[in-house]
Structures are given as structure tokens and as C-alpha cells.
Amino acid sequence: MYIDEFTNHDIAQLFAAIADLMEILGEDRFRVIAYRRAATAVSDTPMAITQLYQNQHLDRVEGLSKGMAEKIAELFVTGDIEYYSRLKERMPVGVRELLRVPHIGPRTAGRLYNEVGITGLADLRDAIDNGRLAQIKGIGARTVAGIREGIDAVADREERTLLLHAWQMGQALLTEIRQLPAVIDVAWAGSLRRGQTTIGDLDIVVVSHDPRACAVQISTLALLVKPMVQETRVMARLQNGMTLEVQVCAPATWGATLAMYTGNDAHRLWLQKQALHHGYTLDRDGLYRHGVVYDVPDEVQLYALLGMAWIPPELREYYIADVLPPQTLAPLLALGDMQGDLHMHTTWSDGNGSIAQMAESARVRGYTHAAITDHGALIGVTNGLDSKRLRAQRLEIDMVNAEYHAAGVDFHLLHGVEVDILVDGHLALPNGILHELDIVVASPHINLRQTPEVATQRLLKAIAHPAVDIIGHPRGRILGGRLGAPVDMERVIVAAAHHGVALEVNSGPDRLDIDGELVQAALAAGAVISVNSDAHDVSNHAWIEQGVATARRGGATPAQVINTWSLPQLTSYLARERHK
DNA sequence: GCCGTTTTCGGCCCGACTGTTTTCAGTCG
């Protein structure tokens with residue numbers, strides 16, 4: 001039995017590798033999809049697959065078919081999957097790295113191996129440098145340039161985990177740790193607590209009266225893979241492939257330890273400097289005065305002892321060096337401030353939920369309103385709506401609203417659209433229909449490889465359009481996938497502020513576009529922002545938490561985020577802006 | 001490979017755009 005050797009992450013990687021190799025080898029694409037689905041099913045499972053297997057509960061893994069469960073059994077029994085071995089004989093595994101590079105799909109990856117012998121990113125770089133790549137039929141100068149551009153964006157992708165996935169794992173860990181008898185309190189630290197868009201390692205700080213005993217208890221949790229205990233610290237791997245570090249401290253040092261583990265490095269050094277300045281020394285074990293531990297039961301007291309107001313973790317990277325923090329910071333946007341989600345899709349275009357289902361899911365989250373913004377007609381696969389279908393959709397939205405109204409429920413749906421911003425900045429729907437809608441989100445989806453000037457003009461033109469209320473995921477970046485359009489965001493922000501158009505923080509886990517830095521710039525210029533889920537399924541509404549974290553990193557206060565406004569306030573904003 | 005059955009096999013995600021061609025293959029959303 002090889003059962004202890006595989007985490008969920010390992011198994012998902014194996015299925016993904018099989019799918020990639022099959023695709024490169026030109027196998028039936030529906031079989032490829034089957035393996036991909038299995039990879040997703042496994043990595044979406046919080047419980048250890050090994051444990052489910054031992055309890056004969058693999059059939060409880062949602063989305064995992066019987067055939068794929070058998071492959072997992074084969075892996076646990078023999079240590080390998082025979083089909084995978086046979087694929088590897090036909091195509092080196094390294095070739096699948098090439099698929100991550102923009103402009104290289106399975107066919108090209110296969111040709112790069114067969115015709116030039118390229119087996120990985122390093123080979124690909126060499127082939128670009130020595131001109132071998134340009135010699136391949138069908139790959140011209142522009143494609144080579146595109147590949148050269150994309151290769152670096154892709155290189156560090158494997159190392160980091162998307163905020164959403166780290167968040168989910170962090171939640172699961174907190175829940176389990178909290179139930180241990182020796183635990184008084186527990187919190188995330190590190191980049192997860194700071195709300196970074198991608199996370200390296202997961203850091204957690206725990207408070208206990210008996211830190212050593214508590215560390216041992218933590219090491220027994222089923223979520224941990226190969227845990228190691230060093231006095232009051234636990235190191236382990238997690239099922240999703242991340243590395244975990246848990247530090248247990250005594251109640252008296254909680255404030256100091258949590259702040260030191262939250263960081264970042266620069267903020268940590270700055271805190272230590274401030275401590276010295278006030279006659280203390282500060283390290284991960286606590287705050288000391290004349291060599292004696294000084295009680296700091298929480299972070300607020302730590303910052304107070306160092307002569308300043310508590311700084312929310314999301315802003316700590318910005319408060320470093322000689323920058324003096326304000327004595328009181330305005331409260332940042334919180335999840336509870338959100339009154340409406342203004343960007344979501346339904347089965348009318350490419351979503352999975354009906355209008356009524358998406359509305360109810362938004363209402364249950366505590367919103368008073370939400371906007372249905374299906375795709376406008378342009379992108380084929382999204383089944384976009386033209387004017388005629390949008391008018392038909394209006395009737396269904398009116399009906400849902402009427403039902404809420406009749407039931408005396410305080411919830412209202414706005415009718416909107418997510419319209420494509422075309423290459424030249426024109427919108428993909430006629431002005432007539434755009435003006436009929438309650439709200440218009442305009443987003444760039446295709447042709448994201450433009451020169452900076454053209455890409456910028458494209459957005460500026462859309463912002464100037466009188467019907468546009470929100471610019472959706474302005475750069476179109478995909479985390480770990482592509483950088484997005486080379487837009488001059490400074491000019492875009494100025495224009496958005498001028499025209500009263502909101503810039504979106506899209507909460508899609510691989511988007512988080514715009515990010516914290518741009519939020520900060522936008523707010524400084526007087527623009528408003530809109531934090532939206534871009535949900536295509538009722539379950540996606542939860543993504544808003546990562547969007548809120550991103551807005552917080554930009555220092556957004558509730559008033560600066562149009563989603564916190566009451567329906568009357570939002571409606572008057574939409575009306576005023578439309579008649580400009 | 002999986003699903004849902006008219007339970008034995010056909011359908012499953014397809015259309016636009018790009019770059020390279022000279023009529024289209026491949027990538028992307």
C-alpha cells in the first residue's frame with residue numbers, strides 16, 4: 001500500500017497531468033474532460049482522499065466518477081496509474097508546462113516536442129533565444145513575441161495558491177483547531193491575513209495556557225500531512241499542497257506574536273524599530289522590557305504601546321519605514337457593509353442559476369438588492385443577450401421583483417448587462433437598449449493584447465459612454481495566467497473619477513482585478529469602486545469576501561464603495577450619471 | 001470517460017479572432 005504518500009493535491013496533479021498529456025497526444029477530448037473533472041473533484045475536497053478511501057467513502061466525493069475512483073484505488077495499491085505510465089512513454093511530462101504559456105495550446109506543444117525536442121519552459125526559452133522557434137512552420141514573429149511575453153508571467157505560477165483556496169483551507173483549519181481543548185483563541189497570520197491576491201505558506205497563531213501540549217494536540221489533526229512538532233510550533237503540509245506553520249503562544253504574548261507573524265517583513269522590521277524607540281525589544285516570542293516579557297494580550301495594545309493606532313492587517317504593507325500612521329484610521333469596508341452585488345450571471349447567458357435562484361442567494365446573504373448582468377451578445381460561448389432577449393429578460397426580472405414585493409420582502413433586482421468593450425472602445429450593444437437598462441457593466445474580454453495606447457483609449461472611450469456605470473475587471477488579468485491589457489491605469493482612473501464611473505474589484509478568484517494598489521490610486525483620485533462577485537453560480541456569491549479583502553488592501557471605506565449604498569442612493573447615482 | 005437512458009450508444013462546448021496563410025488551424029473565452 002502506498003496510501004500515505006499522496007495528498008489530495010498530488011492526486012489532482014496526477015489527473016491533471018494525464019489530461020494534459022492526452023490532450024497533447026490528441027486523444028479524444030471528452031476523455032480529457034473526464035480526467036480534468038476528476039482533478040477538480042479531488043482538489044475541491046477538504047477531507048483527505050486517503051482517509052475517504054480507507055473508509056470506503058470515495059463515492060461521497062462530489063464529481064468523482066466510479067471509473068476515476070478505481071484509478072485512485074489503483075494508485076494507492078500499486079503506487080502508480082498504469083495508463084499514466086504508458087502516456088509518459090509517449091510524451092515527456094515536462095511538455096505540459098508549455099500549455100500554461102499563452103498562445104501555446106496542445107497542438108503547438110506537441111509540435112514543439114516532436115519537431116524541435118522542447119520538453120519544458122527552459123527549453124522553450126532557449127529555442128526563442130537561438131531562433132529555433134521562429135523556424136517552425138506556422139509560428140511567426142508575432143507569435144514568438146507573444147510567447148516571450150507570456151513565459152515569465154507563467155513561470156512562478158505553481159508556487160502560489162489563490163487567495164480563495166488558501167482562505168477555504170484556512171477556514172477549515174481554524175474550525176478544527178478551535179475545537180481542541182487546550183486552545184483559547186486562534187487566528188490567521190501572514191499573507192492570508194493581509195489579504196494578498198495569492199498566498200505562499202499558510203501561517204496560523206494559536207493562544208493556549210499550555211503551548212507545548214497544545215502544539216501536540218494540533219499535530220494530530222487529520223487535515224495535516226506529515227506534521228512535525230518543534231516545542232510550541234507545528235509544521236506540516238496540507239492536502240492542497242500548501243505548507244502550514246502554526247505557532248502556539250501564551251495569552252500574555254498574543255498581541256506581539258500575532259503581529260510578528262502577520263508581517264509583512266518590512267512592517268515587522270518597522271514594528272521592531274518602533275519598539276526599540278520606545279524602550280522595548282520585539283520578536284516572535286513577545287515584547288520585552290529590560291529582558292522581561294511585557295504583557296501584550298492583543299494587537300491593539302501592542303500598537304498603543306508603540307505609540308500608534310492599530311493598523312488593519314490589509315494595510316500593514318503600506319505602513320513602514322518613516323511613514324507616520326494616522327492616530328485614527330477610518331473603518332475599512334467590511335463584509336457586513338455590503339448591501340448589493342452588482343455583477344452576476346444567470347442561465348440566460350453562461351451562468352448556472354436562474355434569475356430567481358441568483359436573486360434568492362443574494363438576498364440570503366443579507367443584501368437588499370442585486371443586479372442581474374448577463375453577457376451582452378458578442379462572445380459566442382457565453383450565449384450573450386441581444387436587445388430582443390434583454391427585453392424578454394426584463395419581464396422575468398419584473399416578475400421576480402413582483403413576487404418579493406407581494407411577499408413583503410425588502411429585496412429588489414436591478415436589470416443590467418455586462419457588455420463587451422470592443423477593440424476600439426465601442427460597446428457591443430446598441431445605445432438604445434443600454435439606456436433602457438438599470439445598470440451597465442462594461443468589460444474587456446477579448447483582444448487583450450494591444451499596445452498600451454490603444455488599450456488605454458479603449459477603456460477611456462467606454463468610460464465616456466453615457467450609459468456605462470461600472471468598468472468590469474478593467475485589465476482582464478488572470479492570476480498566474482496572463483498579465484492583462486497594458487492599460488495606463490492612471491489615466492483610466494482620472495477619467496473614471498471625472499465621469500463618475502465606478503471601477504470594479506472583480507472577486508473572481510483568479511481575477512481580483514483591480515487590485516489593492518489600484519484601489520488606493522482610484523480612491524485617491526476621487527473615483528468610486530464597486531466590489532462584485534461576477535457569480536455564475538449561487539455558490540460563487542461567497543467570492544465577495546476576497547473582493548472585500550482586496551478593497552480593504554486599497555484602504556476603501558464603506559462610503560467609497562457603491563455596493564454599500566442603499567437602493568435609493570444607488571438609484572439616484574445611476575440616474576444622475578446616465579444623464580451626463 | 002461519463003451520462004442517461006427508447007439499457008447500448010450517441011452526445012458531450014462552440015464560435016470568433018489571430019496569425020499565418022492564400023483557405024485555415026489553433027487558441028481562447
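Here is how names work: the chains are called A, B, and so on, in the same order as the sequence lines, proteins then strands, and each is numbered from 1. In this text, all values refer to a predicted model and were calculated from it rather than measured experimentally. Side chains are part of it too, since the values below use all heavy atoms of this structure and drop only hydrogens, waters and symmetry mates.
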When the ring planes of F15(A) and Y35(A) are compared, do they come out parallel, tilted or perpendicular, using 30° and 60° as the limits? tilted
Any residue of residues 28-37 of chain A with a heavy atom less than 4.0 Å from an atom of DNA chain B: D28(A), F30(A), R31(A), A34(A), Y35(A)
What interatomic distance, in whole Å, is found between P of dC12(B) and the corresponding atom of dT5(B)? 15 Å
Are any protein N/O atoms closer than 3.5 Å to N/O atoms in nucleotides 7-9 of chain B? If there are, list each pair with its distance.
none

Which nucleotide sits closest to the side chain of T108(A): dT27(B), dC28(B), dG1(B)? dT27(B)
On a whole-Å scale, what distance lies between the P atoms belonging to dT8(B) and dC14(B)? 27 Å
For dT20(B), does either OP1 or OP2 sit under 4.0 Å from a side-chain N or O belonging to T143(A)? yes
Is A19(A) touching bases, backbone alone, or none of the nucleic acid, heavy atoms closer than 4.0 Å? nothing
For V144(A) and for L99(A), find the nucleotide of DNA chain B with the closest heavy atom, then tell me which residue's nucleotide is more 5'. V144(A)
Could you work out the separation of dT23(B) and dC13(B) based on their P atoms and round it to a whole Å? 33 Å
Could you check, using the six-membered ring where one of them is a Trp, whether F76(A) and Y2(A) have ring centers closer than 6.0 angstrom? no
Heavy-atom distance under 4.5 Å between the side chains of L98(A) and D123(A), does that happen here? no
If I pick the C1' atom on dT27(B) and the same atom on dT20(B), what distance separates them, to the nearest angstrom? 13 Å
Taking dA16(B) as the reference, what is the distance to dG11(B) when you measure between their C1' atoms (whole Å, please)? 24 Å
Phosphate contact (dC2(B) OP1 or OP2) by S65(A) side-chain N/O below 4.0 Å: yes
5'-most by nearest nucleotide on DNA chain B - V423(A) or R107(A): V423(A)
